[in-house]
Amino acid sequence: MANEQTGSNNNEEIERVWWKEAVVYQIYPRSFKDSNGDGIGDLRGIISKLDYIESLGVDVVWLNPIFSSPNDDNGYDISDYQGIMNEFGTMADFDELLKGLHSRGIKLILDLVVNHSSDEHRWFRESRSSRDNPYRNFYHWWPAEKGKPANRFSFFDVNNDAWKYDDRTNSYYLHYFSQKQPDLNWENPHLRNEIYRMMRFWLDKGIDGFRMDVIPFISKDTSYPPIPEQYHNDYARYYSEGPFLHKYLKEMNREVLCRYDIMTIAEGIGVNNETALNFVDPERRELNMLYHFDTLGIGLLPFEFKAPDPNGYNLIDLKDVFTRWDYTYAEKGWGTVYLANHDNPRMLTRWGNDSEEFREVSSKLLTTFLLTMRGTPYYYMGDEIGMSNIKFDSIEDYQDIETRNMYLHIHRTGGDTNRFIENQKITARDNSRTPFQWDNTDNAGFTQNGTTWLKVNKNYNKVNASSQEKDPGSILNYFRKLIKYRKSDLTLIYGTYTLIDRENPNVYAYKRQLDDEVLLVVLNFKPHESTVSLPDIDLSSAKLIISNYEDMKGRYDKLRPYEALIYAL
Ligand code: GLC
Ligand code: CA
């Protein structure tokens with residue numbers, strides 16, 4: 001029965017919820033499929049691939065922002081929340097896409113980016129025009145005659161400075177991200193009402209929920225006191241503890257979310273195990289899920305921007321993070337599981353092994369992991385075919401504002417830009433944003449004749465969807481098989497999770513259990529043979545049901561490189 005750490009596992013108590021059973025597939029529209037030859041992915045491109053998406057067996061698509069935007073941060077700087085980005089198509093295309101997904105039984109969630117807008121949004125143009133404009137308080141302003149306000153760190157600013165002086169009104173405005181992403185003032189009820197109205201517009205069209213961009217940052221102490229010392233190495237933590245955050249989320253739930261059968265997920269930047277339930281405890285009526293950032297620092301060196309440790313990462317650290325988060329939701333709330341997205345490098349390069357020898361088997365290992373943990377999996381497009389980091393040699397190849405501005409910052413402050421470029425080969429966001437590799441024709445079949453907005457990974461001849469379609473043993477077909485398997489067995493969704501052999505530096509092993517059914521998952525995360533210790537487990541009747549080696553000859557006491565095994569006990 002239930003124990004303290006793993007919570008209840010009694011089948012009768014299960015209240016089935018669709019978003020707990022869903023597999024979410026994330027599409028970065030700019031990079032999925034170009035329909036008109038301008039080298040930029042678009043909505044009609046996605047429409048042309050609906051059958052592919054359906055064939056994966058996923059339940060929900062999360063689309064990164066598709067709204068009007070000058071693209072300072074690839075759509076995360078929105079100039080019209082109810083318009084479609086010109087490069088992506090029209091509202092008619094959107095309606096067709098939504099219909100096409102729904103007719104295939106797939107739900108759609110959109111990105112809600114409301115901590116900030118674009119500086120080209122009408123609200124900001126009004127706001128900056130004069131101090132007494134009705135939209136002035138839609139943003140955070142500080143009059144310059146009071147001197148410069150207390151320091152705020154900006155993630156994308158070349159000088160790390162989140163206050164930008166604007167001479168039109170002799171004032172500073174706040175931007176946690178780029179200068180073209182001014183922060184919206186949630187303390188203003190008129191702003192909040194505008195946001196809720198806009199959310200209803202999309203929900204009334206029939207979308208199935210929102211992924212909420214940096215939502216923990218929306219509330220600010222508008223007296224802007226100096227940031228206390230203890231947060232100086234973790235600004236995200238300070239930003240995510242705004243005074244009225246949960247008041248606003250409750251209000252949003254009351255005014256909008258509770259009226260629809262939808263799913264909501266917070267990008268949980270700055271949120272930790274102690275604060276997570278404040279967002280997702282169902283009794284609080286705020287949001288459904290949150291994704292945390294605790295794996296991001298694993299295997300990176302301290303005090304340097306996204307610098308990988310040459311010795312790789314410690315698997316025990318990874319186990320500890322996932323295990324701690326599973327326990328966080330043991331009694332209430334619901335977790336999420338992911339290894340990559342558009343803000344992270346490719347999971348294969350970061351957590352697996354992108355060498356020719358191990359690409360396939362380690363991709364399958366990571367897929368096994370994602371689809372056998374408790375929590376809703378968020379699977380990033382292209383990982384199902386084993387796409388890997390592009391590893392650009394030159395700053396010129398990068399498009400991402402984070403990389404470009406950090407490069408400038410390091411250059412101006414006399415840092416080592418060569419080292420930065422080496423580090424970015426492993427950690428840069430553009431690694432996961434390269435065009436999807438559909439086939440082995442020019443530009444990987446992503447575009448007909450355009451130059452692609454970001455270079456295509458040269459390995460597309462070997463790594464592409466079309467060649468994997470035909471191969472029953474491909475990474476792609478393994479992903480499909482695992483999704484089917486997850487759906488066929490509620491133990492993988494609602495069953496408890498128990499970590500086994502924690503100190504093992506090579507193997508991640510765990511049990512999933514629901515009533516009498518017990519599954520054992522054994523994953524060798526290393527390119528060499530490994531063993532695992534399973535002292536308290538009765539393996540006498542263990543039956544191997546899934547393996548990423550086709551011979552199905554796996555042995556838990558002698559795991560081959562990157563071998564993944566699932567047993568029914
Ligand atoms: C989130 C998005 C990221 C974006 C940032 C600013 O972290 O996922 O892509 O750059 O917010 O909107
Ligand atoms: Ca296009």
Side-chain angles (χ1 to χ4, degrees), residues 26-49 62-67 69-79 81 84-90 93 109-119 121 153-157 162 174-184 210-218 235-236 239-240 265-271 290-293 296 338 340-345 378 380 399-406 428-433 435-436 443 445-454:
Q26 181 191 350
I27 294 181
Y28 197 66
R30 225 179 161 69
S31 304
F32 194 57
K33 174 71 184 164
D34 174 24
S35 72
N36 62 350
D38 66 356
I40 299 171
D42 46 53
L43 299 183
R44 298 220 69 82
I46 304 174
I47 291 169
S48 73
K49 293 295 182 185
W62 155 27
L63 270 191
N64 290 97
I66 53 167
F67 318 101
S69 167
N71 280 308
D72 193 47
D73 183 22
N74 289 359
Y76 282 95
D77 48 318
I78 296 171
S79 53
Y81 287 96
I84 301 291
M85 192 191 298
N86 288 335
E87 290 165 332
F88 286 176
T90 64
D93 296 332
I109 65 170
L110 292 181
D111 228 299
L112 182 77
V113 189
V114 290
N115 173 69
H116 43 267
S117 73
S118 164
D119 66 339
H121 194 290
F153 171 87
S154 162
F155 292 91
F156 295 161
D157 189 71
L174 184 70
H175 63 92
Y176 282 175
F177 294 90
S178 90
Q179 295 184 357
K180 287 183 67 61
Q181 294 168 296
D183 282 45
L184 289 162
F210 289 109
R211 173 269 186 190
M212 303 189 178
D213 189 65
V214 296
I215 198 78
F217 288 3
I218 55 175
Y235 293 99
Y239 291 169
S240 70
I265 163 138
E267 185 194 19
I269 184 167
V271 180
L290 168 147
Y291 68 86
H292 66 79
F293 276 44
L296 268 60
Y338 77 103
N341 56 37
H342 67 294
D343 290 329
N344 285 282
Y378 287 73
Y380 185 63
Q399 300 294 328
D400 181 11
I401 184 164
E402 177 180 271
T403 299
R404 293 173 78 101
N405 282 358
M406 188 52 73
R429 307 197 297 180
D430 273 347
N431 284 304
S432 63
R433 298 176 178 184
F436 192 99
N443 293 314
F446 166 73
T447 181
Q448 284 312 304
N449 38 38
T451 320
T452 58
W453 74 274
L454 187 66

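Counting starts at 1 for both ligands and their atoms, in listed order. Here, residue 1 is the first one in the sequence, and each next residue gets the next number.
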Polar protein atoms (N, O or S) that approach the Ca ion (ligand 2) to under 3.0 Å: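 Hits for the Ca ion (ligand 2) below 3.0 Å: Asp34 OD1, Asn36 OD1, Asp38 OD1, Ile40 O, Asp42 OD2.
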May I ask you to say whether Asp343 pairs ionically with Arg433, meaning some side-chain N is under 4.0 Å from a carboxylate O? yes
Under the 3.5 angstrom rule, does the side chain of [X] hit a backbone N or O of [Y] as a donor-acceptor pair?
X      : Y      : result
Asp77  : Lys180 : no
Asp183 : His116 : no
Tyr76  : Ser118 : no

Can you tell me how the ring of [X] sits relative to the ring of [Y], calling it parallel under 30°, perpendicular over 60° and tilted otherwise?
X      : Y      : answer
Phe32  : Phe436 : perpendicular
Phe217 : Phe177 : parallel
Tyr291 : Trp62  : tilted

Heavy-atom contacts with ligand 1 below 4.0 Å: which residues, ordered by chain and residue number?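 Answer by chain and number: Asp73, Tyr76, His116, Phe156, Phe177, Gln181, Arg211, Asp213, Val214, Glu267, His342, Asp343, Arg429, Arg433.
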State yes or no: are the ring centers of Tyr378 and Tyr380 separated by less than 6.0 Å? no
Identify which one of Asn449, Thr452, Thr447 satisfies the side-chain hydrogen bond (donor to acceptor under 3.5 Å, both in side chains) criterion when paired with Asp34. Thr447
